[in-house]
Structure formats: structure tokens, C-alpha cells
Amino acid sequence: MTMACRSGCGACCIAPSVSEPFFGMPEGKPAGMPCTHLSEDFACKLFGDPRRPAMCSQFMAEESVCGFDRRDALARLALLEIESQPVRS
Ligand code: SF4
């Protein structure tokens, strides 16, 4: 179920990787690293800017991903990041 973003969260701008290059991060964003556009109060400084990555604009907060608080969201997103990696043989 979708939900409103928690103010002061920013978990989705830290835990997941962004594989595509984008403004300010020409090699994308590694998992676990805060995005260079994340403000001190955990807001996106590129919000509404066409240079914001498409995956950020498409992300919708939802209870199954964002959990019950920021810490839970960081843990759930980190786990999703690991689970979405290709299996190495
Ligand atoms: S561009 Fe904005 S929404 Fe996307 S990861 Fe960076 S701070 Fe977050």
C-alpha cells in the first residue's frame, strides 16, 4: 500500500544503488552511499528538476518497502538491493 514519504527520511536516497550516470554522479550512486543531492535534512535537492534520475521520480513510498520507521526503511531497502543483484555462478 502506498504511503506519504516521511519527512527527514531519505532512506531511498542512501540504501539503493543508482546504476545510471546522472547529474553530479557520473558513475551512478553506489548502494549505501548518500546521494550527493540529498540535503542535510534528507530532502532531494533535485526534486522537480529534469536532471533527477528517472528511477527516483518513479519511486513510490509504500509500507512494504518503507517499513515502520526510517531505520526499518534503510534495512529493508538494503536487503532489496542485495536481493536484486544478479546471481553469480
Ligand atoms: S536525485 Fe534526489 S531522489 Fe534521487 S537519490 Fe539523489 S537525493 Fe534521492
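For this chain, numbers begin at 1 and follow the sequence in order. All ligand and atom numbering here is 1-based and tracks the order in the structure.
Pro53 CD, 3.6 Å is the protein heavy atom nearest to atom 1 (S) of ligand 1.
Of all heavy-atom pairs between Glu63 and Arg76, the closest is O-NH1, 3.8 Å.
Taken together through direct or relayed side-chain contacts under 4.5 Å among Ile, Leu, Val, Met, Phe, Trp and Tyr, Leu74 and Phe42 form part of one hydrophobic cluster.
One finds a salt bridge joining Arg51 and Asp49 here, because a Lys/Arg side-chain nitrogen approaches an Asp/Glu carboxylate oxygen to under 4.0 Å.
Expressed to the nearest 0.5 Å, how far CG of Leu77 lies from CZ of Arg70 amounts to 11.0 Å.
For Phe23 and His37, the ring centers are positioned less than 6.0 Å apart.
Under 2.8 Å from atom 8 (Fe) of ligand 1, one finds the following protein N/O/S atoms: Cys13 SG.
Evaluated for a side-chain hydrogen bond (donor to acceptor under 3.5 Å, both in side chains) with Ser17, the options Lys29, Glu81, Gln85 yield exactly one hit, Glu81.
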